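I have placed the structure first, in the form of structure tokens, so that the comments after it can refer back to it.
Keep in mind it's a predicted model, so treat the numbers as computed, not measured. As the structure lists them, so they are numbered: ligands from 1, and atoms in each ligand from 1.
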Amino acid sequence: MKRYHPLILFDLSGKVALITGSSRGLGYVMARGLGHAGAKIVLNGRNPETMNKAVENLREEGIYSMGYCFDVTKKDEVRVAIEEIEGELGKIDILINNAGIQKRAPFIDIDEVQWQEVLNINLKGAFLTSQQVARGMTVRKSGKIINICSLMSEVGRATIVPYTVAKGGLKMLTRAMAVELGKYNIQVNGIGPGYFVTEMTKNLKEDPRFDEWIKQRTPAGRWGDPEELVGTAIFLASSASDFINGQIIYVDGGVLASL
Ligand code: NAP
Ligand code: GCO
């Protein structure tokens, strides 16, 4: 009798995955994980040097990868990038909208430029990139889109209002896209990471009081390791999640479960 191999559901062989904002940080770690699960990887960022080094690192690990610099907030840059990537690698099967920035300031001091930059990168960027990639997915009636949300998709913290608004919007963009694209066999879900040390948060980790607060606030009693996002990313990028749509999976050590 043929043995049943359920782990095959997580195999990404033959798939093409674009991860925005993956020249470093969480995006790079998730891209590396999808690469080792078999996908061809397209990295992205605005800084060519950082991105090219990241591509080199993946290739040294035997992952088929390329890099494409584009700014997710620029519609024409996104359009050209997706056309050229799909021209070179074939259709994009998996999109992770990961590019994001953080700007911290007291609410009453936030200027309009800061507000707009955070909303553009963290929310509009996901909209523009998803729209461009989904066009091909709707024709092929197949695709996976994963939006990298945040604890701030659910709760607020002082001094990060624009980011919180953007991530709250990203949660609802995830659900709205899931509803509209589900009929094309496109699954749109989100990952909500807790606190992980990257360029975005290293100054928080280096603040002993904030560091201690996070450890107290997180039932796991620690910051997350970016590698701990890889399993959820592979799951949502693979056939193992074909009947999951519009969900946000929080990888947060229990923060949102606790008062
Ligand atoms: P990071 O280390 O600062 O990396 C951000 C990435 O986004 C970089 O590759 C950056 O490259 C790229 N990027 C920024 N603006 C871009 C743009 N306009 N177009 C294309 N790429 C752009 O941050 P991270 O901590 O890894 O965060 C990654 C994602 O996870 C973000 O969406 C963040 O909100 C989310 N997140 C992070 C945490 C955490 O604890 N670290 C928790 C929850 C959610 P360039 O600067 O070269 O463009
Ligand atoms: C902050 C951090 C957080 C994390 C993340 C948590 O200033 O509190 O930047 O917003 O980046 O989003 O999920």
Side-chain angles (χ1 to χ4, degrees), residues 18-32 42-55 57 67-75 77-78 81-82 95-106 116-129 146-171 173-174 190-207 210-211 213-214 217-218 222-229 232-233 248-256:
L18 166 64
I19 302 90
T20 66
S22 51
S23 56
R24 63 173 190 263
L26 304 186
Y28 174 77
V29 172
M30 286 187 283
R32 178 174 175 269
V42 183
L43 298 183
N44 160 257
R46 293 163 302 179
N47 180 306
E49 277 169 47
T50 320
M51 197 195 64
N52 291 334
K53 182 78 183 79
V55 171
N57 291 343
Y68 207 107
C69 274
F70 64 92
D71 182 333
V72 295
T73 68
K74 305 272 192 301
K75 185 175 182 178
E77 278 190 36
V78 172
I82 302 306
L95 169 64
I96 299 186
N97 288 305
N98 170 78
I101 62 163
Q102 178 62 282
K103 296 262 185 203
R104 302 181 183 96
Q116 205 53 58
E117 187 182 7
V118 172
L119 268 291
N120 283 348
I121 294 174
N122 293 15
L123 182 56
K124 191 174 100 172
F127 160 69
L128 291 176
T129 311
I146 302 165
N147 294 325
I148 304 304
C149 297
S150 160
L151 293 173
M152 279 68 214
S153 297
E154 300 294 344
V155 291
R157 184 178 85 76
T159 75
I160 54 172
V161 163
Y163 181 94
T164 303
V165 170
K167 292 299 187 179
L170 192 57
K171 173 177 75 171
L173 176 65
T174 303
I191 297 174
Y195 280 84
F196 295 76
V197 181
T198 64
E199 285 295 314
M200 181 181 282
T201 59
K202 66 181 181 183
N203 59 329
L204 301 177
K205 183 70 170 76
E206 287 160 3
D207 173 345
F210 194 95
D211 179 37
W213 177 68
I214 288 297
R217 187 69 185 74
T218 307
R222 61 179 174 84
W223 293 62
D225 176 341
E227 287 294 335
E228 292 176 305
L229 292 167
T232 304
I248 315 291
I249 299 179
Y250 289 95
V251 185
D252 69 352
V255 171
L256 288 178

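- At the shortest separation from atom 30 (O) of ligand 1 among protein heavy atoms lies Ile148 CG2, 3.5 Å.
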Trace of the side chain to side chain contact (heavy atoms under 4.5 Å, CB included) decision for Gln102 with Ile160: CA-CA 8 Å; Gln102 178 62 282; Ile160 54 172; 3.5 Å; yes

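- The shortest non-hydrogen separation linking Val72 to Ile121 is CG2-O, 4.1 Å.
- Using a 4.0 Å heavy-atom criterion, the residues that approach ligand 2 are Gln102, Arg104, Ser150, Leu151, Met152, Arg157, Ile160, Tyr163, Pro193, Gly194, Tyr195, Met200, Thr201, Leu204.
- Listed by number with element, the atoms of ligand 1 under 4.0 Å from a non-hydrogen atom of Asp71 are 17 (C), 18 (N), 19 (N).
- Contact annotation: the side chain of Thr129 approaches that of Leu95 to within less than 4.5 Å [non-hydrogen atoms, C-beta and beyond].
- Under 4.0 Å is where a charged nitrogen must lie from a carboxylate oxygen, and between Glu117 and Lys103 at least one such pair does.
- With hydrogens left out, the protein atom closest to atom 40 (O) of ligand 1 is Phe196 N, 2.9 Å, a heavy atom.
- Using a 4.0 Å cutoff on heavy atoms, Gly192 does not count as a contact of ligand 1.
- Only the side chain of Ile121 comes within 4.0 Å of ligand 1, counting heavy atoms alone; its backbone N, CA, C and O stay farther away.
- Side-chain contact between Gln116 and Thr73: absent, with no pair of heavy atoms (C-beta onward) separated by less than 4.5 Å.
- Atom CG of Asn147 and atom CG of Asn97 lie 4.5 Å apart (nearest 0.5 Å).
- Near Glu199, with a cut-off below 4.0 Å to any heavy atom, the atoms of ligand 1 are 2 (O), 3 (O).
- Taking a 4.0 Å cut-off on heavy atoms, Tyr28 fails to register as neighbouring ligand 1.
- In summary, the atoms of ligand 1 found under 4.0 Å from a heavy atom of Tyr195, numbered by their order in the structure, are 40 (O).
- At the shortest separation from atom 2 (O) of ligand 1 among protein heavy atoms lies Arg24 NE, 3.3 Å.
- Here Thr174 contributes atom OG1 and Ile148 contributes atom CD1; the two are 9.0 Å apart, rounded to the nearest 0.5 Å.
- Of all protein heavy atoms, the one closest to atom 32 (O) of ligand 1 is Asn98 O, 2.7 Å.
- Of the charged side-chain nitrogens involved, none lies within less than 4.0 Å of a carboxylate oxygen, so that Glu154 and Lys167 do not count as a salt-bridged pair.
- In terms of protein heavy-atom proximity, atom 22 (C) of ligand 1 is closest to Ala99 CB, 3.7 Å.
- In this structure a side-chain-to-backbone donor-acceptor pair under 3.5 Å is present from Thr20 to Asn98.
- Here the protein heavy atom with the shortest distance to atom 42 (C) of ligand 1 is Gly194 O, 3.0 Å.
- In this structure, the side chains of Tyr250 and Ser153 come closer than 4.5 Å at one or more pairs of heavy atoms.
- Among the atoms of Ser150, none of the N or O lies under 3.5 angstrom from an N or O of ligand 1.
- Atoms of ligand 1 found under 4.0 Å from any heavy atom of Thr201, numbered from 1 in the order shown, are 39 (C), 40 (O), 41 (N).
- Counting only heavy atoms of the protein, atom 38 (C) of ligand 1 lies nearest to Leu26 CD1, 3.7 Å.
- Note on ligand 1: Val72 sits in its first shell, one or more heavy atoms being nearer than 4.0 Å.
- In this structure the side chain of Leu18 reaches within 4.5 angstrom of the side chain of Ile82, judged on heavy atoms.
- Contact annotation: the side chain of Ile146 never approaches that of Met30 to less than 4.5 Å [non-hydrogen atoms, C-beta and beyond].
- A salt bridge links Arg222 to Glu228: at least one charged side-chain nitrogen sits closer than 4.0 Å to a carboxylate oxygen.
- Comparing heavy-atom distances from atom 5 (C) of ligand 1 across Gly25, Gly100, Ser23 singles out Gly100 as nearest.
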Determine all donor-acceptor pairs shorter than 3.5 Å in which one atom belongs to a side chain in residues 44-51; sequence neighbours excluded.
from: Asn44; atom 1: OD1; to: Gly21; atom 2: N; distance (Å): 2.9
from: Asn44; atom 1: ND2; to: Tyr68; atom 2: O; distance (Å): 3.1
from: Asn44; atom 1: ND2; to: Phe70; atom 2: O; distance (Å): 3.0
from: Asn47; atom 1: OD1; to: Glu49; atom 2: N; distance (Å): 2.8
from: Asn47; atom 1: OD1; to: Thr50; atom 2: N; distance (Å): 2.9
from: Asn47; atom 1: OD1; to: Thr50; atom 2: OG1; distance (Å): 3.0

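- Considering only heavy atoms from C-beta on, Val29 stays 4.5 Å or farther from Leu26 through its side chain.
- Counting only heavy atoms from C-beta outward, the side chains of Leu204 and Asp211 never approach each other to under 4.5 Å.
- Checking Pro193, Pro226, Gly21 against atom 43 (C) of ligand 1, the nearest heavy atom belongs to Pro193.
- Using a 4.0 Å cut-off between heavy atoms, Thr198 contacts ligand 1 through its side chain alone, with no backbone atom that close.
- The Asn44 neighbourhood of ligand 1 comprises atoms 20 (C), 21 (N), with distances under 4.0 Å to a heavy atom of that residue.
- Listed by number with element, the atoms of ligand 1 under 4.0 angstrom from any heavy atom of Asn47 are 47 (O).
- Using a 4.0 Å heavy-atom cutoff, Phe70 is listed among the residues neighbouring ligand 1.
- Heavy-atom separations between Thr20 and ligand 1 are all 4.0 Å or longer.
- Scanning the protein for heavy atoms near atom 14 (C) of ligand 1, the closest one is Arg46 NH2, 3.4 Å.
- Side-chain contact between Trp223 and Lys205 is present, with at least one heavy-atom pair separated by less than 4.5 Å.
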From CA spacing to verdict: side chain to side chain contact (heavy atoms under 4.5 Å, CB included), Val42, Ile19: CA-CA 6 Å; Val42 183; Ile19 302 90; over 6 Å; no

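- Judged by the shortest distance from any of its heavy atoms, Gln102 lies outside the 4.0 Å radius around the atoms of ligand 1.
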